Amino acid sequence: MASAIDFDQSPNSPTSSAPSFAIRPNNNHHNNTFLRSISTREPSNFSEELPYSPPRLSTSVLPSNTCPAYNSQPSTPRVSFTLNNNPSKSVDDHADHFHQATYRCISSVLKKDGQILSVAVSNGLMYTGSQANVIRVWKLPEFTECDHLKTRASIVVSLQVSNDMVYAAYGDCKIRVWRRTWEGVIKHVRVATIPKVGSYVRSYISGRDKMMKHMGPISSLAINISDDILYSASLDKTVKVWRISDLKCIETIQAHNDLINAIVVGDDGVLYTASDDATVRVWRRNFCSGDRPHSLTVTLPAKCSPVKTLALTTDGAVLYGGCSDGYIHFWLKGWFSGQLQYGGALLGHTHAILCLASMANYLVSGSADSTCRVWLREQQDCQHVCVAILQGHRGPIRCVSAFPGRVNEESEDGCTICTGSLDGVLKMWRVRRTSSSDKGKGSSQNVCEYFEIA
C-alpha cells in the first residue's frame with residue numbers, strides 16, 4: 001500500500017476540525033499502525049502514551065456534570081460487577097451461584113505480519129487479519145494454519161464470515177469477498193471486490209451515486225443474513241448498505257456527526273452504530289420507505305466518552321459498548337416494550353476498550369492496557385462478575401473472539417478465547433468454570449505453549 005495511515009493530528013495542527021483519521025503519503029518504510037479512530041481527547045499514539053505492562057487499577061469515576069445534555073442517565077455509572085484480582089479464587093465467596101474460573105493460555109503464535117487487527121470464527125475455522133496483505137486461516141481446535149488469502153492490498157481492518165462467504169475490509173476502503181469450498185481440502189476462491197470498479201464508474205458518470213465508495217477507511221463490517229445485507233461503517237461518518245446477492249450499494253446512512261468505530265446487527269435486523277460522538281444509535285429497517293429504508297429510532301449516550309466497540313448477546317437482550325475511558329456501558333432490552341434501558345457500567349480496565357465479544361453468559365473485553373477480561377453475566381438480575389484477567393500480551397489488544405471450548409467433562413462450563421494484539425502475537429486461551437467444591441485447588445494457570453513461525 002502506497003500510503004500510511006495517520007489517526008490523529010498534531011496538537012499544533014491548524015485544521016483541528018478535520019477528522020482524526022487521514023491518509024497521507026508514505027515517505028518511509030516503517031510499519032504503519034491501524035487502529036480504530038482515536039479521538040482528540042485521547043493519546044495520539046499508543047506507543048507514546050500507553051505502557052505495555054498493565055498499569056495499576058484506577059477506580060476513579062467519570063465527572064457527573066461534564067455533559068448536561070446526558071442527564072437522562074445516572075450521574076455516575078452503576079458499577080455492576082465484583083472485581084476479582086485473583087482469578088484463582090472464587091469471584092464471590094459469599095454467593096454460591098458464582099463459580100470459580102480457571103484459565104490458561106494454550107498457545108501463542110507470532111507471525112511476521114505486523115499488528116493483529118481482526119479475527120472471525122466460523123464452522124471450525126478462524127480467520128485473522130493484520131497489517132500485511134495476508135488473511136490466515138486456522139483450523140480449530142488444533143489451531144493449525146490450513147490456508148491463507150492473499151491480495152495486493154494490505155491492512156485487514158475487519159472480517160465477517162457467513163454461509164461460506166468471507167468478507168474482508170481493507171485499508172484502501174474496499175471489501176474483498178471469497179467463497180469457501182470443502183472439496184477434500186479447504187480452499188478459498190476470490191469472487192469479488194466491493195465496490196465493483198465498473199459499477200462505481202458508471203454511477204459516478206451518471207450522477208446517481210457519487211458516494212458509492214467510502215470516502216474514508218472502513219472500520220467495521222456486519223451481516224444481516226435474513227435480509228441478505230452487508231453493512232460497512234467508515235470513518236467518513238457513514239454506513240453503507242450492500243445487497244449481498246449482487247454486491248450493489250443500495251443505501252448510504254448518514255449515521256453520526258463523528259467517526260464511526262463499530263457496528264453490530266441483531267437477529268431481528270436492528271442495526272447498532274457506535275461513534276466518537278459518544279453515542280450508540282439504533283436503526284430499524286422499514287421496507288416501505290423507498291430509497292432510505294433505515295430510520296433512527298433512539299440515540300443512547302455513553303457518558304461523554306467515544307464508543308470504540310460494540311457487542312450484542314445472542315438473544316439481543318443486552319447491548320455492550322466499550323469506551324475510550326475504560327468503561328463498558330450496557331443497555332438492557334425491556335421484556336414488554338422492547339426498548340433499550342441503561343443498565344450500568346463495568347469498570348476494571350484502565351485504558352480504552354478496543355474490542356468486545358459475547359458468547360453465552362460470557363463477555364470478553366480487550367483493552368489498550370494489554371489485558372483481556374472475562375465477565376460472567378447473571379441472567380436473573382444482569383449482574384456481572386470479572387472471573388478472569390488474561391495477561392501476557394505486550395501491546396494493546398485489538399481484536400477478540402470467543403466460542404464454546406472443547407469439553408472434556410460433562411460438568412465443564414467455559415469458553416475458548418482468541419486474542420490478537422498490536423504486539424503481533426495471536427493467543428488462544430481456555431477459560432473454565434468449576435464448581436464450588438473445587439475451591440482451594442488453585443488451578444488457575446497462565447502458562448502457555450509458545451512458538452514462532454517465520
Side-chain angles (χ1 to χ4, degrees), residues 1-8 21-38 43-53 107-121 126-138 143 145 147-160 166-176 178 217-221 235 261 308-309 351-352 354-355 366-372 392-401 418-428 448 450-454:
M1 186 174 180
S3 62
I5 297 185
D6 181 21
F7 276 82
D8 212 344
F21 185 105
I23 294 182
R24 61 185 181 183
N26 185 11
N27 297 323
N28 53 60
H29 300 284
H30 296 293
N31 289 336
N32 302 325
T33 58
F34 192 97
L35 301 170
R36 282 190 175 92
S37 62
I38 300 176
S44 60
N45 191 329
F46 280 117
S47 62
E48 295 176 0
E49 300 292 339
L50 300 182
Y52 278 153
S53 59
S107 59
S108 296
V109 177
L110 174 63
K111 290 280 189 178
K112 296 183 179 179
D113 295 338
Q115 301 170 346
I116 307 297
L117 304 175
S118 54
V119 61
V121 177
M126 183 174 68
Y127 299 80
T128 57
S130 64
Q131 284 181 296
N133 61 343
V134 176
I135 298 174
R136 300 194 182 273
V137 187
W138 310 83
F143 197 39
E145 186 175 357
D147 199 3
H148 65 273
L149 317 179
K150 196 171 184 178
T151 63
R152 294 182 179 179
S154 59
I155 308 181
V156 186
V157 187
S158 181
L159 287 166
Q160 286 288 324
V166 181
Y167 304 88
Y170 285 78
D172 61 356
C173 310
K174 295 182 180 180
I175 305 169
R176 272 81 176 178
W178 285 266
I218 297 173
S219 58
S220 182
L221 297 175
L235 302 186
N261 300 310
K308 297 299 182 182
T309 180
H351 289 89
L354 301 181
C355 51
S367 170
D369 62 14
S370 305
T371 68
C372 186
H393 283 291
R394 297 183 178 181
I397 298 177
R398 176 59 171 77
C399 54
V400 64
S401 181
C418 177
T419 56
S421 170
L422 301 188
D423 61 8
V425 177
L426 189 68
K427 287 182 178 289
M428 188 76 72
C448 67
Y450 184 86
F451 52 92
E452 180 176 352
I453 302 178

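Predicted, not measured: the structure shown is a model, and the values here were computed from it. Computed from heavy atoms alone, side chains included, the values below leave out hydrogens, waters and symmetry copies. Sequence positions, counted from 1, serve as the residue numbers for this chain.
Proximity of a side-chain donor or acceptor of Ser158 to a complementary backbone N or O of Ala169 within less than 3.5 Å is not detected. Ser130 places no side-chain N or O within donor-acceptor distance of the main-chain N or O of Leu117, the cut-off being under 3.5 Å. A donor-acceptor distance shorter than 3.5 angstrom exists from the side chain of Asn133 to the backbone of Thr151, with no hydrogens or angles considered.
The side-chain heavy atoms of Tyr170 and Ile155, taken from C-beta on, include no pair separated by under 4.5 Å. Contact check for Val119 versus Trp138: no side-chain heavy atoms found under the 4.5 Å cut-off. You'll find the side chain of Arg398 reaches within 4.5 Å of the side chain of Val157, heavy atoms only. With a 4.5 Å cut-off on side-chain heavy atoms, Tyr167 and Leu159 do not count as touching. Taking the side chain as every heavy atom from C-beta outward, Ser401 and Met126 never approach each other to under 4.5 Å. For the pair Val425/Leu110, a side-chain contact is recorded, criterion being any heavy-atom separation below 4.5 Å from C-beta on.
In terms of heavy atoms, Val400 sits closest to Cys355 at CG1-SG, 3.6 Å. Nearest heavy-atom pair across Val134 and His148 is CG1-CB, 3.7 Å. Between Ile218 and Cys173, the shortest heavy-atom contact is CD1-O, 3.7 Å.
Atoms CD1 and OG, from Ile397 and Ser367 in turn, are 7.5 Å apart once rounded to the nearest 0.5 Å. Rounded to the nearest 0.5 angstrom, Leu354 CG and Ser421 OG are separated by 9.5 Å. Between the CG atom in Leu235 and the OG atom in Ser220 there is a gap of 10.5 Å [rounded to 0.5 Å]. Within the model, atoms CD of Glu145 and CG of Leu426 stand 10.5 Å from one another, a figure rounded to the nearest 0.5 Å. How far NE2 of His351 is from CG of Asp369: 7.0 Å, rounded to the nearest 0.5 Å. Atoms NE2 and OG, from His393 and Ser370 in turn, are 9.0 Å apart once rounded to the nearest 0.5 Å.
Lys427 has no carboxylate O lying under 4.0 Å from a charged side-chain N of Asp423, or vice versa, which leaves the two without a salt bridge.
Every residue meeting the salt bridge (Lys or Arg N to Asp or Glu O under 4.0 Å) condition with Asp113, not counting sequence neighbours, appears here in chain and number order: Arg136.
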Could you walk me through whether Val156 and Tyr127 pass side chain to side chain contact (heavy atoms under 4.5 Å, CB included), step by step?
CA-CA 11 Å; Val156 186; Tyr127 299 80; over 6 Å; no
